[in-house]
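A short worksheet on the structure shown next.
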Amino acid sequence: MLFLFGNIIMNINMLPLFPSVLGLDIETDGLDRFSAQITAVGLSDGEDTWVLTEGYERLISLLEDPSVLKVIHNADFDLTVLCFRMKVDHNIEVKPQNIYDTLLVERVLNNGLSISNKLEDALARRLGILVDKSLQESFTGGGLSEDQLSYIENDCKHLIKLRDEQMREVSLCGMEWVVDLENKDVLVTLDKTLTGIGIDLEQFEAIRAQIPAVLDQILSQIKDILGEDFVIEVERTKKGEKYTEEIPVNEIKWNAWQQLKPALHKVGVKVNNTQRGTLEERQDQHPLIPLVLEYKTWFKMLGWHWDEFINPITGRIHPNWNQLGPITARFSCSDPNMQQIPRPDGVRPNFRSLFLPLPGHKLLVADWSQQEPRILAHVSQDEKMIAAANSSDIYSAFGKDVWGEEITKKDPRRQIMKIGVLASFYGVWHVNLASRMGLSEKEAEKLQKKIFNTYRKAKQWGDYQIKGVMQHGYTQSVMGRRIYFEDTSPRMQWRLKKESRNYPIQTTGADMAKLAEVKIYDIIQKKNYDAHFIIGLHDELVLSCHESQAKDCFADMKQAMMEAGSEICPSVQFPVEGVVSDKWEH
DNA sequence: CCTGACTCC
DNA sequence: CATGGGAGTCAGG
């Protein structure tokens, strides 16, 4: 046996009464959380290490014990595998409690810095421990070699000390609240992952089936306009040699900018890019343009294949939620990305309505109204903007402040405020704002000045942000979550100016969403609701709840979101809107 | 494997 | 000097 760092004990019966803190790490035969099998679980109190190679259900009481802190590096992986195996192999629903994730904390501490947060690098950096990665072997075989045992020990033995070192820095940075929030939110992320999302497969296939006919119809209209003999010349390179290829009209791929650009050029429309906005501005210049826009829209839908993500065991989609994806600490999502499912627009089929709650459940959908401008009002402490944020309609109030007249909800100037105010404070150039607001460049410039004059203190706040970054090297959320800037050299100043205004707002929004999630999760446990998290969309939360409890749970959910808002930004109210429905709408 | 374009907030 | 920020996915080349 190896006694490098203490005893490795194979017999679970020798595990004493659980200490108050344990490092935990699992080894699997694969990296896909929903098909991986567990080959070993390591537990360590920092001295001795226990290794299990079977009977993992004996860990359930430990995982669920709120008095034992489980320290895990990337808890999402370990907990998802453990919980999913328990559910599938033993039909037991495990609800882990009291988790500390050293990876999340490492990310919080190094946010914005190009530092590796991998366990081996964190151990080397914080504890001076060099782990011999040559010990890493595949865990697909039967028994465990001594090298493998030593490897498992390495991965869990130092977790407690690593946490101690991390917490020292956390306390120096005043980020206890943020770290606590992230560690609590691990359980919400786990809930989202394990619950997954249902999809109406029949309906999805029905929608897909109608797309080719729509595309064919558009293509024939294009051919009618351009004529059978229309040809484009496309520059190509083959083995370093340039040559021109002729593509006839019925072989042109209209979704490819490399072909669309020369085609537009040939009919006399010159564009720098083939983006939707660019083409929309020139709709009238040639009848080809609206057809191409329609073609792009429908062709894009062919690439959406969410059905391929359905888990064969659960029949549901289990996306990958990244709790610290963006630098601003929002969630990101992949495989598939549930945060980019198109909103219904009356033109495309309603893709959101394909996604379903659990059987017998309703979807609870709620979001904060105008979250970001309200946060801006709070962080800038601009009295006028705070008053607007606390009025019944923030954009009408903006209009009244700027133009000195009552603005109704139907007044077109309300829409201008909706587009213009936040964008202006984030640093959008008036020229780029003009078309979006439906104004000339001069009008936009005048309006922007008027906005800045109306909310002087907010403007000052924006102008001051870059100075703070230059002084401290970081910006932060209201709750003290930091975003570091490594490069503050002169060539970065322009970028810094924009980021230093945007980041504090966005990252405060992320704090708010995570706080609300944790509050709602606690209520669900306390009131024993049959409810689960499904989706987090930055300022929108989606839950699945049994229909018998949906109304009550929804009321609690909205209340928790409102409270989270005013706890973080006390000078502003945060109204929440939403619906209880069979479909994902709102 | 990168870029442009498109989807979301 | 260039001219809001943050993501992921797809097709083309």
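In what follows, every chain begins at residue 1, and chains take the letters A, B, ... in the order their sequences are listed. The figures here come from the full heavy-atom set of this structure, side chains too, leaving out hydrogens, waters and symmetry mates.
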By nearest atom, which of the nucleotides [options] is closest to the [X] side chain?
X	options	value
A/L537	B/dC6, B/dC8, C/dA7	B/dC8
A/K498	C/dG8, C/dG4, C/dG6	C/dG4
A/Q340	B/dC6, C/dG4, B/dT7	B/dT7
A/R343	B/dC9, C/dG6, C/dG4	B/dC9
A/I327	B/dC8, C/dG6, C/dG12	C/dG6
A/S332	C/dG8, C/dA11, B/dC8	C/dG8
A/Y503	C/dG6, B/dT7, C/dG8	C/dG6
A/Q506	C/dC10, C/dA11, C/dG6	C/dG6
A/R352	B/dC8, C/dT3, C/dG12	B/dC8
A/K253	C/dG5, B/dT7, C/dG12	C/dG12

Contact class for [X] vs. all strands (heavy atom < 4.0 Å): base, sugar-phosphate, or nothing?
X	value
A/R495	nothing
A/Q259	sugar-phosphate
A/E499	sugar-phosphate
A/L433	nothing
A/R276	sugar-phosphate
A/N322	nothing
A/R491	nothing
A/T274	sugar-phosphate
A/I505	nothing
A/A256	sugar-phosphate
A/W257	sugar-phosphate
A/F331	nothing
A/N337	sugar-phosphate
A/K300	base

Test: [X] and [Y] ion pair at under 4.0 Å:
X	Y	answer
A/E585	A/R343	no
A/D582	A/K362	yes
A/E517	A/K192	yes
A/R414	A/D393	yes
A/K450	A/E445	no
A/D463	A/K467	no

- Item | Base of C/dG12 paired with side chain of A/Q258 (donor-acceptor, under 3.5 Å) | no
- Task: Check whether the side chain of A/R330 and the base of B/dC9 form a donor-acceptor pair under 3.5 Å.
- Result: yes
Expressed as a whole number of angstroms, how long is the span from [X]:[atom1] to [N]:[atom2]?
X	N	atom1	atom2	value
A/N255	B/dT7	CG	C1'	16 Å
A/K497	C/dA2	NZ	P	15 Å
A/D345	B/dC8	CG	C1'	13 Å
A/Q371	C/dG5	CD	P	19 Å
A/M301	B/dC6	CE	P	13 Å
A/K261	C/dG13	NZ	C1'	15 Å
A/Y426	C/dT3	OH	C1'	18 Å
A/Q465	C/dG4	CD	C1'	14 Å

- Item | Donor-acceptor pair between A/T189 and A/D76 side chains, under 3.5 angstrom | no
For [N], take OP1 and OP2 only and decide whether either is under 4.0 Å from a side-chain N or O of [X].
X	N	value
A/R436	C/dG4	no
A/H305	C/dC10	yes
A/N432	C/dG4	yes

- Task: Report the C-alpha separation of A/N74 and A/D101 in whole Å, then their side-chain angles, then the decisive distance to 0.1 Å, and conclude whether the side-chain hydrogen bond (donor to acceptor under 3.5 Å, both in side chains) test is met.
- Result: CA-CA 6 Å; A/N74 191 15; A/D101 188 331; over 6 Å; no
- Item | C/dT3 to B/dA5 separation - P atoms, rounded to the nearest Å | 15 Å
